[in-house]
Amino acid sequence: KAGVTQTPRYLIKTRGQQVTLSCSPISGHRSVSWYQQTPGQGLQFLFEYFSETQRNKGNFPGRFSGRQFSNSRSEMNVSTLELGDSALYLCASSLTVSEGTQYFGPGTRLTVL
Amino acid sequence: GQQVMQIPQYQHVQEGEDFTTYCNSSTTLSNIQWYKQRPGGHPVFLIQLVKSGEVKKQKRLTFQFGEAKKNSSLHITATQTTDVGTYFCAGRGSARQLTFGSGTQLTVLP
């Protein structure tokens, strides 16, 4: 079974731009969660989607948004990029919402200049 | 909100020595999970503990969940160079979201 895939793997943007990251979960998994990983803050929860609905949200500003499609694929968007948004963005899928093992993708490394 | 503290932040051990990392949650958890992230990689699930006082073993790794379901530990016996990486605990509380500890970065010296 294929694992979680994320595209793109690397991205360089400048301040003020916006970015969209994509995540395809493991086949059959309906829950997708997004995390931001930085050396200083560790793994911070962004949001979780299940059946196209946001079920949980972390403490991030409204510039961070996401959505999930009917095939469980998910996208996250960051608008008006700031230098501090530079991070590894990880997507994780699981069978059901708020339960069980999270299977992480390889991440998207975002650099904001 | 829920906080999960993890110590130590870094640990250097000689190959063959034991290693332990500890997690403490500010609130009671419904379960706790452990993940390992190799350098340059992504977190990989190791185990989930659900019951109060639960102890689980995976070869040289021993995981414990405290009686109050607020703390947990991971102990590695006789470390090997393949154990290198960052170990994260992640607790799920009443809000149902997974809160990760800050991780313990393990270096094993040959």
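Here is how names work: the chains are called A, B, and so on, in the same order as the sequence lines, proteins then strands, and each is numbered from 1. All of these numbers come straight from a predicted model, not from anything done at the bench.
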### Task
Anything under 30° is parallel, anything over 60° is perpendicular, the rest tilted; go ahead and classify A:Y103 against A:H29.
tilted

### Query
Just how far is it from atom OH of A:Y49 to atom OG of A:S72, taken to the nearest 0.5 Å?
13.5 Å

#### Entry: Plane angle bin for A:F45 and A:Y35 - parallel if under 30°, tilted between 30 and 60°, otherwise perpendicular
perpendicular

### Query
For chain B, which of A:G105, A:G42, A:G107 has the most heavy-atom pairs under 4.5 Å?
A:G105

### Message
Please classify the contact of A:L43 with chain B as side chain, backbone, both or neither, using a heavy-atom distance under 4.5 Å.
### Response
both

### Message
Quick check on the interface: out of A:Q44, A:K57, A:Q37, who has the most heavy-atom pairs with chain B under 4.5 Å?
### Response
A:Q37

### Message
Show every salt bridge (Lys or Arg N to Asp or Glu O under 4.0 Å) that has at least one partner inside residues 63-78 of chain A, sequence neighbours left out.
### Response
A:R63-A:E82, A:R63-A:D85, A:R67-A:E75, A:R73-A:E75

